[in-house]
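First the structure, in the form of structure tokens, and then the observations on it.
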Amino acid sequence: MKESNHIITTENVNFYYGDFKALQDITMGFEKNRVTALIGPSGCGKSTLLRLLNRMNDLIDGTRVEGKVLFEGADIYDPRVDPVDIRRRIGMVFQKPNPFPKSIFKNVAYGPRVNGVCRKRDLDALVEKSLLQASLWNEVKDILDRSAMTLSGGQQQRLCIARALAMKPDVLLMDEPTSALDPVSTAKIEELIEELKKDYTIIIVTHNMQQAARVSDCTGFFYLGRVIEYNRTDLLFTTPEKKQTEDYITGRFG
Amino acid sequence: MKRRYLKQHLFLLTVRGSALLIALAICGFFIFIFVRGYGVISWEFITEAPRDMMTKGGIMPAIIGTLYLTLGALAVALPLGVLAAVYLSEYAKEGRLLRFIRVGIRCLAGVPSVVFGLFGLGLFVVRFGFGSSILAGSLTLGFLILPTIIGASEEALKAVPRTFREASLGLGVSKWQTTTRIVMPNALPGILTGSILSIGRAAGETAPIMFTAAAFFTASLPKSIFDEVMALPYHIYVLATAGTRIAETRPIQYGTVLVLVGLVFGINIIAILLRSRARKTKRW
């Protein structure tokens, strides 16, 4: 993996919840316009790493980061950096669809509105574009005023993706985005990820190894807070170098 | 075996009896007030001022006064209480300061209302020179209901799912924008319910307004917030203790009680309806 194509890199990152060391010496590079999957058993630290990349872990009291997380070469944990700016450029989609109890339109327009886009025409265009990108537009274009809570789980999750896209981020972090969805909705989201990587860098945490194999270009396998193996997805799944990786992907533990 | 059954029956009887007793007491209270007070309730009673040493006429100035005082108390306590609750629920970090504030609020809730009255007299009436007035009374009542409003608001804010906050913050929206645009609007029904319940409390209190706002009798309605007013609970107190023609004022006294109880009861019903409606539209 060439250094120059990395949009985010971590250098010797350790992460603590209080006294508990959740991540140990993580050094990884995430390639631009690629999909990187993070896999591993529950509690291995993959979600922690994901939330560390846009400083969502800041919200939890008693956490501490050591090492460097570089986004386009600049350390996002530099004290002069405002985490709000980071989160604008590195968006996030959560495990459970979490639309606001507002209309579909207002959900997507929320981020841009707060950040000063207020002309109706601009907002309309942005909402349409974001929903198109999230392949939800055709299903909701006539019901934009309806509450987002009336949508199905899969639609809600695509709405959340559209909401994140409306902020025009560079990177999209996805924390098990399909674990609460049925297979059909899951397939739709996976197609969408394939589509989105043309314009965005995507880092996805998943419990589903087939999903990682299907959607990602690179995969990192985590175990007990360490990166055990990080490689091109086709290589990692066909010829794993480490015994632990092989055991995990063949279903011998986890 | 039989003994155990007997004990169980006895226990059931006791708990059921206790519950029933409470229900009966409340019903008895309402019926008593209604029967005694119903006779004097009329359009004149609600729209006229007292006459002839309070033996005739109505209680309109007291109704208006209670209205002013209650709204005033709400105007004081609602912004202050909601802001304090936002601090406690969204910003404060666990620690000594937070514990101190919480103990303070709990103590405030436990202070007897007459103490609030004296506090209001000392601070607002005398020290600030507001005199016995709507302003001084509203401030005093406002402090009285502050703990209730803070408690209810904090509860309502905490009930807003964490995922909403995460979603907003994850979009690169700042904390205070998240609080004002997502958290507070979703907590509003709960905040309102708590506030309305506290209105009932403010409307019914006598001791806090006795020294700070309530007048024995005013011929005209208040013209500014620095005027004294008559108020329902104080009017009841006056009729019960200060009258010289008790036989003639007694029916009026019951009528006033009925109006006050009806008012507070009505406010509580509104709160309950609002809450059940908010629960229905809430989908998380």
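A, B, ... follow the sequence lines: proteins, then strands. Residue 1 opens every chain.
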Shortest non-hydrogen separation from Ala109(A) to Leu123(A) and the atoms involved: CB-CD2, 4.0 Å
Closest non-hydrogen atom pair, Asp182(A) against Ser185(A): OD2-OG, 2.9 Å
Lys120(A) to Phe105(A) six-membered ring, cation-pi geometry met (6.0 Å, 45°): yes
Nearest atoms (heavy-atom pairs only) where Thr48(A) meets Asn57(A): O-ND2, 3.0 Å
Cationic N near anionic O, under 4.0 Å, Asp124(A) to Arg121(A): no
Closest heavy-atom pair and its distance - Leu53(A), Ile76(A): O-CD1, 3.3 Å
Largest heavy-atom contact set with chain B, pairs under 4.5 Å, which of Asn54(A), Asn98(A), Asn115(A): Asn98(A)
Shortest non-hydrogen contact from Arg88(A) toward Leu171(B): CG-O, 4.0 Å
Thr212(B) side chain vs Gly117(B) backbone, donor-acceptor pair below 3.5 Å: no
Part of residues 188-204 of chain B lying next to chain A, heavy-atom separation under 4.5 Å: none
Ser138(B) versus Val76(B), closest heavy-atom pair with distance: O-CG2, 4.2 Å
Any donor-acceptor pair under 3.5 Å from Ser168(B) side chain to Thr178(B) backbone: no
Which portion of Lys96(A) sits near chain B, non-hydrogen atoms under 4.5 angstrom: neither
Within residues 153-181 of chain A, residues adjacent to chain B where the heavy-atom gap is under 4.5 Å: Arg163(A), Ala164(A), Met167(A)
Inter-chain contacts: residues 189-196 of chain A against chain B, heavy atoms under 4.5 Å: none
Plane angle bin for Phe130(B) and Phe124(B) - parallel if under 30°, tilted between 30 and 60°, otherwise perpendicular: parallel
Part of Asp85(A) lying under 4.5 Å from any heavy atom of chain B: neither
Please set out all donor-acceptor pairs under 3.5 angstrom arising from side-chain atoms of residues 77-101 of chain B, sequence neighbours excluded.
{"unit_1": "Glu90(B)", "atom_1": "OE1", "unit_2": "Arg165(B)", "atom_2": "NE", "d": "2.9"}
{"unit_1": "Glu90(B)", "atom_1": "OE2", "unit_2": "Arg165(B)", "atom_2": "NH2", "d": "2.8"}

